[in-house]
Amino acid sequence: MSENAHPSHDPDDDVDAATDRGTGGGLLESAVGCGLAVLGVAVAGAYALPRAAFSIDGGFEAHARDWSVILVDVPLILLAGLLVPPMTWAAASRRLPPWAALLVCVAVAALVYGGIEAVWHPRQDPDPGYQGPL
């Protein structure tokens with residue numbers, strides 16, 4: 001008798017099948033996840049920075065500069081923009097087709113930004129005549 005019960009069985013096939021099973025698709029899905037991370041940071045920056053501009057500038061003689069917005073709020077929003085879309089994509093693409101995973105990713109990002117919109121109110125311009133830095 002031989003050591004292998006099935007002489008046609010190749011152990012290298014098991015390794016390839018195990019690595020293919022856990023990746024969820026390969027290079028294209030990874031590229032989509034990276035693209036979603038970049039897009040998420042861009043959208044988060046376009047959303048947060050104009051709202052936080054007065055807190056960063058501080059108005060006349062920087063009397064209204066809010067360091068909590070500069071050091072905590074904006075970096076956390078940018079971090080959420082960096083992490084939420086690709087993590088949602090990774091979770092959704094395991095069980096759903098790519099088009100449905102993308103829809104789930106967009107829906108979760110919209111819910112996150114809607115939640116931020118509901119609770120984050122940085123200080124805005126003090127009066128209509130304020131024109132910003134000269």
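Residues Trp120 and Ala52 come closest through the heavy atom pair CH2-CB, 4.0 Å.
Side-chain heavy atoms closer than 4.5 Å link hydrophobic residues (I, L, V, M, F, W, Y) into clusters, and following such links, even through other members, never connects Val106 to Leu36. Transitive grouping of hydrophobic side chains (ILVMFWY, heavy atoms separated by less than 4.5 Å) brings Val43 and Leu78 into a common cluster. Taken together through direct or relayed side-chain contacts under 4.5 Å among Ile, Leu, Val, Met, Phe, Trp and Tyr, Leu49 and Tyr113 form part of one hydrophobic cluster.
Side chains of Val74 and Ile70 form no contact here, defined as non-hydrogen atoms less than 4.5 Å apart.
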Which donor-acceptor pairs under 3.5 Å do the side chains of residues 83-91 make with protein atoms, sequence neighbours left out?
residue: Thr88; atom: OG1; partner: Val84; partner atom: O; Å: 2.7
residue: Trp89; atom: NE1; partner: Glu29; partner atom: O; Å: 3.1

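In this structure, the separation between CZ on Arg51 and CG on Asp73 is 10.5 Å, given to the nearest 0.5 Å.
When the options Leu102, Leu96, Leu103 are evaluated for a side chain to side chain contact (heavy atoms under 4.5 Å, CB included) with Trp99, the one that passes is Leu103.
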